[in-house]
Amino acid sequence: QVQLVESGGGLVQAGGSLRLSCAAAGRTFATNAMAWFRQAPGKDRECVAATSWSGARTYYTDSVKGRFTISRDNAKNTVYLQMNRLKPEDTAAYYCAADRRPWSGVAPDAYEYWGQGTQVTVSS
């Protein structure tokens, strides 16, 4: 069993920063590929950033490139999403996801484990 718990969401003014954290517990050997997804009302769930087990391979959706950084600390079983220069269009529920494969790409159905989500709201 795997549990993923996100934290760090909140309300921030446009141009501000937040850092999301996702702590994994349980069978953490099954949390190799990890990613952050977001879903706004009426929108599809999209992959914001993804990382391989080693952190050497990463993905960012075009809208966040240069602003967001995904990183992980495997000793702490934690993945982070540093979000800078936030925009109102970044407003969404953000979900941490993990999969046992070393790299799982950007499709939501590729990920086996999900956190409960944390809300990020960016005001203009």
Side-chain angles (χ1 to χ4, degrees):
Q1 59 184 357
V2 173
Q3 298 83 42
L4 303 177
V5 180
E6 304 104 329
S7 62
L11 174 65
V12 65
Q13 191 171 356
S17 298
L18 287 172
R19 188 179 74 160
L20 305 184
S21 298
C22 173
R27 301 175 67 186
T28 55
F29 60 84
T31 58
N32 295 315
M34 298 192 74
W36 288 97
F37 290 78
R38 67 185 180 189
Q39 188 165 23
K43 302 289 186 179
D44 292 333
R45 186 169 297 191
E46 67 167 341
C47 185
V48 176
T51 183
S52 63
W53 174 84
S54 69
R57 183 177 181 182
T58 57
Y59 162 86
Y60 298 95
T61 193
D62 285 345
S63 64
V64 309
K65 286 180 179 178
R67 299 189 298 119
F68 291 10
T69 302
I70 189 169
S71 62
R72 66 192 299 165
D73 185 340
N74 289 338
K76 296 182 178 180
N77 298 315
T78 301
V79 65
Y80 306 94
L81 185 68
Q82 178 66 46
M83 305 184 294
N84 297 325
R85 303 190 303 280
L86 283 160
K87 303 176 180 179
E89 51 263 44
D90 295 320
T91 295
Y94 283 71
Y95 298 88
C96 178
D99 193 75
R100 68 186 67 196
R101 293 171 291 183
W103 173 258
S104 293
V106 302
D109 60 6
Y111 290 84
E112 184 174 3
Y113 306 106
W114 291 84
Q116 79 286 354
T118 186
Q119 179 67 36
V120 171
T121 301
V122 184
S123 65
S124 60

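These numbers were taken from a predicted model, which means no experiment stands behind them. What you see below is based on every heavy atom in this structure, not just the backbone, and it leaves out hydrogens, waters and symmetry mates.
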Query raised in the report: Just by modelled atom types, is the Thr121 backbone N or O under 3.5 Å from a matching donor or acceptor in the Thr91 side chain?
Result: no

Requested in this report: Give a yes or no answer on whether the side chain of Arg72 reaches the backbone of Ser52 with a donor-acceptor pair at less than 3.5 Å.
Outcome: yes

Query - Counterpart residues, side chain to side chain contact (heavy atoms under 4.5 Å, CB included), relative to Pro102 (two or more places apart) - result: none

Report task. May I ask you to decide if Gly66's main-chain N or O and Arg85's side chain share a donor-acceptor pair within less than 3.5 Å? Result -> yes

Query raised in the report: Would Thr78 and Asp73 count as having a side-chain donor-acceptor pair, cut-off 3.5 Å?
Result: no

Query raised in the report: Does Tyr59 sit in a hydrophobic cluster with other residues, and if so which ones, taking ILVMFWY side chains as linked at heavy-atom separations under 4.5 Å, directly or through other members?
Result: Trp103, Val106

Query raised in the report: How is the hydrophobic cluster of Leu20 composed, in terms of its other members, when Ile, Leu, Val, Met, Phe, Trp and Tyr link through side-chain heavy atoms under 4.5 Å apart, directly or indirectly?
Result: Val2, Leu4, Val12, Leu18, Met34, Trp36, Val48, Tyr60, Val64, Phe68, Ile70, Val79, Leu81, Met83, Leu86, Tyr94, Tyr113, Val120, Val122

Query - All side chain to side chain contact (heavy atoms under 4.5 Å, CB included) counterparts of Ala97, not counting sequence neighbours - result: Phe37, Tyr111, Trp114

Report task. Just jot down the salt bridge (charged side-chain N to carboxylate O under 4.0 Å, His left out) partners of Arg38, sequence neighbours excluded, or say none. Result -> Glu46, Asp90

**Report entry** Pairwise salt bridge (Lys or Arg N to Asp or Glu O under 4.0 Å) hits with a residue in residues 16-25, at least two apart
**Finding:** none

Query raised in the report: So with a 6.0 Å cut-off around CZ of Arg101, is the heavy-atom count from everything else above 12?
Result: yes

Report task. Spell out, as yes or no, whether a donor-acceptor pair under 3.5 Å connects the side chain of Arg67 to the backbone of Ser63. Result -> yes

Requested in this report: For the pair Asn32 (side chain) and Trp53 (backbone), establish whether a donor and an acceptor sit closer than 3.5 Å, ignoring hydrogens and angles.
Outcome: no

Query raised in the report: Taking atom NZ of Lys43 and atom CD of Glu89, what is their separation to the nearest 0.5 Å?
Result: 11.0 Å

Report summary line: All heavy atoms of Cys47 vs all of Gly105, minimum pair found to be SG-O, 4.4 Å

